[in-house]
Amino acid sequence: MKEKRINSLFTLISIISLVFVARLALLQLVKGSEYKQLAKGNYIKADQIEATRGKIYDRKGIVLADNIPSYTIIVDSGSVSMEEYAALSSLLGKTNPGSTGYTIRKVPFDVICKLDEKREDFPHVRVKAQPLRRYLYKEIFSHPIGYIGEISKEEYKSYSGYRLGASIGKLGIEKEYEGFLKGKDGAILIEVDAKGREIGHLSSVPPEAGNDVWLTLDARLQAFVYNILPDRAACVAMDPTTGEVLVWVSKPGFEPNLFSSGNVSEVWKEISEDPRSPLWDRVKNACYPPASIFKLIACACGIEKGIINPNTHQPIPCKGSIVIGRREYKCWEAHGSLNLMDAIIQSCDVYFYQLGMELGIDPICSKAKKIGFGKKVRIDLPGESDGFIPSVEWYDKKYGKGKWGKGIAANLAVGQGEIMVTPLQILYFISGIATKGVLCTPRLVKKVVNFNGDEIFSSTPRYHNLPLNSETIEILREGMLGVVEGAKGTGILSRVPGIEVAGKTGTAQNPHGEDHAWFVAFAPYDNPRICIVVFVENGGKGGSTAAPISGKVIETYLYGKLGI
């Protein structure tokens with residue numbers, strides 16, 4: 001009995017020993033490498049190396065956005081002691097809370113040197129050298145180029161390959177071409193001791209720089225336009241034969257360099273509360289009544305329906321106004337009896353009020369939609385507005401079926417009422433008239449070049465046909481030529497010595513204040529190289545405010561006064 005108990009005990013001890021040996025073998029032989037890697041994690045940490053973002057150039061190779069060295073201090077708030085924190089605060093003067101721990105950006109180099117001298121006193125403080133985005137032209141290119149900022153939690157969920165705290169394009173070219181510009185981050189393995197202090201670097205994966213983006217914009221012409229344009233205004237110009245945008249100015253702009261300062265909330269608050277709306281891109285986002293520029297649409301519609309021709313006079317001559325129903329519709333001057341060409345040149349509202357009533361809502365709005373109004377131009381920038389073109393169904397819904405009068409169509413024919421367009425849409429339309437019927441989609445990016453200088457992307461023109469007959473387009477061209485070069489033209493202040501300019505003025509009624517000023521033009525008339533739109537909020541008459549600006553830009557560009 002005693003011997004049996006001893007045997008049982010021996011068997012139990014043997015089984016336990018075998019289990020222990022098996023477990024030990026599993027840990028050392030089977031999972032040894034795995035646990036070795038886990039152990040290394042206790043004294044090896046990975047530090048990300050941020051890739052240098054690609055540069056942005058103008059069409060001539062002038063740098064618009066690049067990167068400069070910058071230093072960022074990152075504090076592990078979960079491990080830092082009060083003594084260490086107090087010492088760091090004394091060294092820096094203050095610290096700013098970041099998304100993880102504490103992050104102090106754009107730290108001066110002399111402060112980094114002092115911190116390095118006392119490295120043992122700051123085991124939970126890391127210094128990272130990071131490229132800082134720099135916008136050399138500041139507010140002048142703020143809307144087309146945009147800016148970068150720290151990725152939001154929403155963006156982090158939508159974009160792969162990013163970490164929290166990383167930079168990402170927020171607006172403009174920076175956002176639209178993020179995939180080309182951002183590059184690929186690298187990493188370095190750092191050995192640290194038990195207190196988290198760095199001992200040495202073990203290995204690294206170098207970052208890959210982002211690609212450079214070349215724009216179609218001209219830096220010197222852009223700066224010239226920005227300086228002559230008043231506040232709350234927009235100017236966009238392009239080569240109508242290629243779609244290459246030469247100028248894209250929305251004024252006021254904003255200082256994009258402030259968004260990398262580390263005090264983004266303060267910057268955003270200051271800019272967003274500015275009553276001039278500097279973040280609002282008036283070229284592609286702002287929608288306004290097109291005013292008399294829209295008379296070209298009504299004119300084209302009337303010609304192609306056989307209602308009018310260049311010599312057609314309206315039944316009622318212009319005496320400064322016309323009564324429609326119970327309302328008096330005014331004109332800016334008493335023009336008398338005019339034919340179509342003179343009505344375009346002198347921008348007679350009474351003539352087009354009558355044309356609008358004869359045409360009706362559907363033909364006018366349908367033609368506008370076919371041309372491209374009421375939808376995006378598809379420029380290579382994010383956030384473009386559609387604008388708005390109404391319809392009979394829309395008015396039936398608003399006023400009740402058939403409960404609206406002829407005054408609606410009269411108002412639409414002169415570009416007032418519910419029609420809303422962007423300066424970019426107007427540019428697209430006018431470029432088709434300039435080229436005698438060929439629409440070329442506007443584009444801002446010319447090419448993308450990688451770090452080795454190889455071209456990896458090149459934008460190509462996208463052509464479409466302006467849905468108007470060639471005879472109609474020729475009438476519109478001749479009318480626009482008379483607006484500038486004719487003796488009684490409303491756009492004579494846009495004339496350029498030695499160059500024939502065709503244009504159209506517009507003065508949009510504004511119930512909230514002074515009228516808005518429009519002017520569109522192309523030149524030279526026989527061989528257009530530039531098509532331009534100028535818009536000035538509360539600018540008054542288009543012929544006196546916007547037209548002279550257009551003339552200066554055309555003269556500067558075509559005569560190469562900036563060395564262009």
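Numbers here are sequence positions counted from 1.
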| said: Within this structure, what is the CD1-CD distance for the pair Ile345 and Glu485, rounded to the nearest 0.5 Å? | reply: 11.0 Å
| field | Verdict with reasoning, Arg276 to Asp274, per salt bridge (Lys or Arg N to Asp or Glu O under 4.0 Å) | value | CA-CA 5 Å; Arg276 301 174 304 155; Asp274 189 327; 3.0 Å; yes
| field | Val448 side chain near Trp214 side chain, heavy-atom distance below 4.5 Å | value | no
With a 3.5 Å cut-off and sequence neighbours excluded, list the donor-acceptor pairs that the side chains of residues 399-419 form with protein atoms.
from   : atom 1 : to     : atom 2 : distance (Å)
Trp404 : NE1    : Asp396 : OD1    : 2.9
Gln416 : OE1    : Gln509 : N      : 3.1
Glu418 : OE1    : Tyr395 : OH     : 2.6

| message | Looking at Asn285, is its backbone amide N or carbonyl O close enough to the side chain of Ser385 to form a donor-acceptor pair, meaning the two atoms are under 3.5 Å apart? | response | yes
| request: Write down the atom of Val534, the atom of Cys235, and the distance for their closest heavy-atom approach. | output: CG2-SG, 4.1 Å
| field | Step-by-step side-chain hydrogen bond (donor to acceptor under 3.5 Å, both in side chains) determination, Glu537 to Tyr288 | value | CA-CA 9 Å; Glu537 287 184 14; Tyr288 307 92; 2.5 Å; yes
| remark: Here the gap from Arg529 atom CZ to Thr242 atom OG1, rounded to the nearest 0.5 Å, amounts to 11.5 Å
| remark: What one should report as the nearest heavy-atom pair of Ile344 and Lys504 is O-CE, 3.9 Å
| request: Evaluate the side-chain hydrogen bond (donor to acceptor under 3.5 Å, both in side chains) criterion for residues Glu255 and Asn257: first the C-alpha distance (whole Å), next the side-chain angles of each, then the deciding distance (0.1 Å), finally the verdict. | output: CA-CA 6 Å; Glu255 169 55 285; Asn257 292 300; 2.9 Å; yes
| request: Would you name the heavy atoms of Gly540 and Thr507 that are closest together and state the gap between them? | output: O-CG2, 3.5 Å
| task | Using a 4.5 Å cut-off on heavy atoms from C-beta on, say whether the side chain of Thr490 contacts that of Trp332. | result | yes
| query | Under the 3.5 angstrom rule, does the side chain of Glu273 hit a backbone N or O of Glu270 as a donor-acceptor pair? | reply | no
| Aromatic ring proximity Phe180/Phe457, centre distance under 6.0 Å | yes
| field | Phe254 ring center within less than 6.0 Å of His143 ring center | value | yes
| Just wondering, do Met238 and Ser431 contact through their side chains at under 4.5 Å, heavy atoms? | yes
| field | Val245 side chain near Ile379 side chain, heavy-atom distance below 4.5 Å | value | yes
| query | Within 45° of the axis and under 6.0 Å from the centre of the six-membered ring of Tyr525, does NZ or CZ of Arg477 qualify? | reply | yes
| said: If we ignore hydrogens and angles and just use 3.5 Å, is the side chain of Gln425 paired with the main-chain N or O of Thr422 as donor and acceptor? | reply: yes
| field | CG on Leu424 to CG on Asp281, rounded to 0.5 Å | value | 9.0 Å
| request: State yes or no: are the ring centers of Trp248 and Tyr226 separated by less than 6.0 Å? | output: no
| field | Distance (rounded to the nearest 0.5 Å) between Met341 CE and Asn309 CG | value | 10.5 Å
| query | Which pair of heavy atoms, one from Lys269 and one from Ser272, lies closest together, and at what distance? | reply | O-OG, 3.2 Å
| Polar side-chain atom of Trp280 near backbone of Pro252 as donor-acceptor pair, under 3.5 Å | no
| Checking side chain to side chain contact (heavy atoms under 4.5 Å, CB included) for the pair Val536/His516: CA distance, chi angles, key distance, verdict? | CA-CA 6 Å; Val536 182; His516 302 316; over 6 Å; no
| query | Looking only at heavy atoms, which two atoms of Thr545 and Gly539 are closest? And how far apart? | reply | OG1-O, 2.5 Å
| task | Answer yes or no: are there more than 12 heavy-atom neighbours, outside Glu393 itself, under 6.0 Å from its atom CD? | result | yes
| Would you say Ile499 and Glu555 make side-chain contact, with heavy atoms under 4.5 Å? | no
| 4.5 Å side-chain heavy-atom contact, Tyr557 and Leu246 | yes
| request: Report, as yes or no, whether the 6.0 Å neighbourhood of atom CZ on Arg378 holds more than 12 heavy atoms from other residues, nucleotides or ligands. | output: no
| said: Please evaluate residues Lys251 and Glu139 with respect to the criterion salt bridge (Lys or Arg N to Asp or Glu O under 4.0 Å), reporting the C-alpha separation (whole Å), side-chain torsions for both, the decisive distance (0.1 Å), and the verdict. | reply: CA-CA 9 Å; Lys251 191 174 181 181; Glu139 67 275 1; over 6 Å; no
Name the atoms and distances for all side-chain donor-acceptor pairs under 3.5 Å in residues 294-302, with sequence neighbours left out.
from   : atom 1 : to     : atom 2 : distance (Å)
Lys295 : NZ     : Ser292 : OG     : 3.0
Lys295 : NZ     : Ser347 : O      : 3.0
Lys295 : NZ     : Ser347 : OG     : 2.9
Lys295 : NZ     : Asp349 : OD1    : 2.6

| message | Tell me every residue that passes salt bridge (charged side-chain N to carboxylate O under 4.0 Å, His left out) with Lys376, counting only those two or more places apart in sequence or in another chain. | response | Asp386
| Any donor-acceptor N/O pair, Gln314 side chain to Ser337 backbone, under 3.5 Å | no
| query | How about Lys398: does its NZ atom have over 12 heavy atoms from other parts shown lying under 6.0 Å from it? | reply | yes
| Hey, what do you get for OG (Ser250) to CG (Leu279), rounding to the nearest 0.5 Å? | 10.0 Å
| request: Check for a donor-acceptor pair, side chain of Asp58 on one end and backbone N or O of Ala219 on the other, with a separation under 3.5 Å. | output: yes
| note | In terms of heavy-atom contacts, Gly486 and Ile492 come closest through O-CG2, 3.5 Å
| Taking the side chain as C-beta and beyond, is there a heavy-atom pair between Phe535 and Ile549 under 4.5 Å? | no
| request: For Phe373 and Phe429, run ring-ring contact (aromatic ring centres under 6.0 Å, His included): C-alpha distance rounded to whole Å, both residues' side-chain angles, the deciding distance at 0.1 Å, then the answer. | output: CA-CA 9 Å; Phe373 291 102; Phe429 166 55; 5.8 Å; yes
| said: Would the distance check show the side chain of Asn510 and the main-chain N or O of His512 forming a donor-acceptor pair, the cut-off being under 3.5 Å? | reply: yes
| message | Show every salt bridge (Lys or Arg N to Asp or Glu O under 4.0 Å) that has at least one partner inside residues 299-327, sequence neighbours left out. | response | Glu304-Lys367
| With sequence neighbours left out, which residue pairs that include part of residues 350-360 fulfil the salt bridge (Lys or Arg N to Asp or Glu O under 4.0 Å) condition? | none
| task | Run the ring-centre check on Phe141 versus Tyr135 and record whether the distance is less than 6.0 Å. | result | no
| Taking only residues at least two apart or on different chains, which pairs with a member in residues 237-249 satisfy salt bridge (Lys or Arg N to Asp or Glu O under 4.0 Å)? | Arg59-Glu244, Glu244-Arg443, Glu244-Lys446
| Between the side chain of Glu384 and the main-chain N/O of Val377, is any donor-acceptor distance below 3.5 Å? | yes
| message | For a 4.5 angstrom cut-off between non-hydrogen side-chain atoms, does Thr441 reach Tyr428? | response | yes
| request: Find the distance between CD1 (Ile426) and SG (Cys531) and round it off to the nearest 0.5 Å. | output: 10.5 Å
| Is the side chain of His313 donor-acceptor paired with the backbone N or O of Leu338 at a distance under 3.5 Å, no angle test? | yes
| Is the backbone of Val445 close enough, under 3.5 Å, to the side chain of Asp380 for a donor and an acceptor to pair up by distance? | yes
| No-hydrogen, no-angle side-chain donor-acceptor test under 3.5 Å, Glu178 and Tyr162 | yes
